[in-house]
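Excluded from the calculations below are hydrogen atoms, water molecules and symmetry mates; all remaining heavy atoms, backbone and side chain alike, are included.
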Amino acid sequence: MILWSLGLLLLLFLAGAVALDLWRVVSSHGTLTGIADKAAVAGAAEIDERALRHNRLRLIPSDAVATAEDFAQAQPGWDTSSMTVRATADPSRVSVEVTGRVQVTLLQMFAAPQAFVVTVTSRASPVLME
């Protein structure tokens with residue numbers, strides 16, 4: 001009975017470790033999503049004013065990429081050691097991909113140290129408001 005109880009206790013500890021590490025991954029996903037969304041919107045604000053004067057709504061792709069990447073890296077939740085950002089743009093939209101590595105904590109006792117890789121993508125396009 002004692003061995004059975006110890007086995008169940010070990011199983012319960014393993015389940016708690018999995019739950020804690022998975023919660024860290026879900027939390028990191030939320031943080032990365034917020035950063036990517038804000039960066040995409042910031043990049044979509046880089047409108048070509050010359051084209052706008054001729055009633056055409058276009059982005060300046062190089063400015064949109066630079067603004068989106070700089071904005072992402074300036075966010076309070078940004079961690080340069082575990083996060084990367086890559087932005088692409090064309091004249092109609094900007095796309096931002098943010099990748100983060102989440103280290104496991106308690107699961108390291110049961111398996112080799114690894115990290116979960118979480119990647120989120122966000123896209124934004126400029127829109128004329130009437």
> Taking only residues at least two apart or on different chains, which pairs with a member in residues 25-44 satisfy salt bridge (charged side-chain N to carboxylate O under 4.0 Å, His left out)?
Replying inline: none
> Please, which pairs that meet salt bridge (charged side-chain N to carboxylate O under 4.0 Å, His left out) have at least one residue in residues 83-93, sequence neighbours excluded?
Replying inline: Arg86-Glu97
Return the set of residues passing side-chain hydrogen bond (donor to acceptor under 3.5 Å, both in side chains) with [X] (not counting sequence neighbours), or none when no residue passes.
{"X": "Ser125", "result": "none"}
{"X": "Thr84", "result": "none"}
{"X": "Ser81", "result": "Asp79"}
{"X": "Thr119", "result": "Thr99"}

> When Ile, Leu, Val, Met, Phe, Trp and Tyr are grouped by side-chain heavy atoms lying under 4.5 Å apart, directly or through other members, which residues fall in the same group as Val127?
Replying inline: none
> Taking the hydrophobic residues Ile, Leu, Val, Met, Phe, Trp and Tyr, and joining any pair whose side-chain heavy atoms are under 4.5 Å apart, which ones share a cluster with Leu8?
Replying inline: Met1, Trp4
>> For Ala42 versus Phe71, what's the shortest heavy-atom pair and its separation?
In response: CB-CG, 3.7 Å
>> Please report the interatomic distance OG(Ser5) to CG(Leu10), rounded to the nearest 0.5 Å.
In response: 12.5 Å
Sequence neighbours left out, cut at 3.5 Å: what donor-acceptor pairs do the side chains of residues 44-55 make with other protein atoms?
{"residue": "Glu46", "atom": "OE2", "partner": "Thr67", "partner atom": "OG1", "Å": "3.0"}
{"residue": "Asp48", "atom": "OD1", "partner": "Arg50", "partner atom": "N", "Å": "3.2"}

> Donor-acceptor pair, Arg24 side chain versus Val104 backbone, under 3.5 Å?
Replying inline: no
>> Under the rule for side-chain contact (heavy atoms from CB on, under 4.5 Å), what residues qualify as partners of Val65, not counting sequence neighbours?
In response: Glu69, Ala87, Ala89
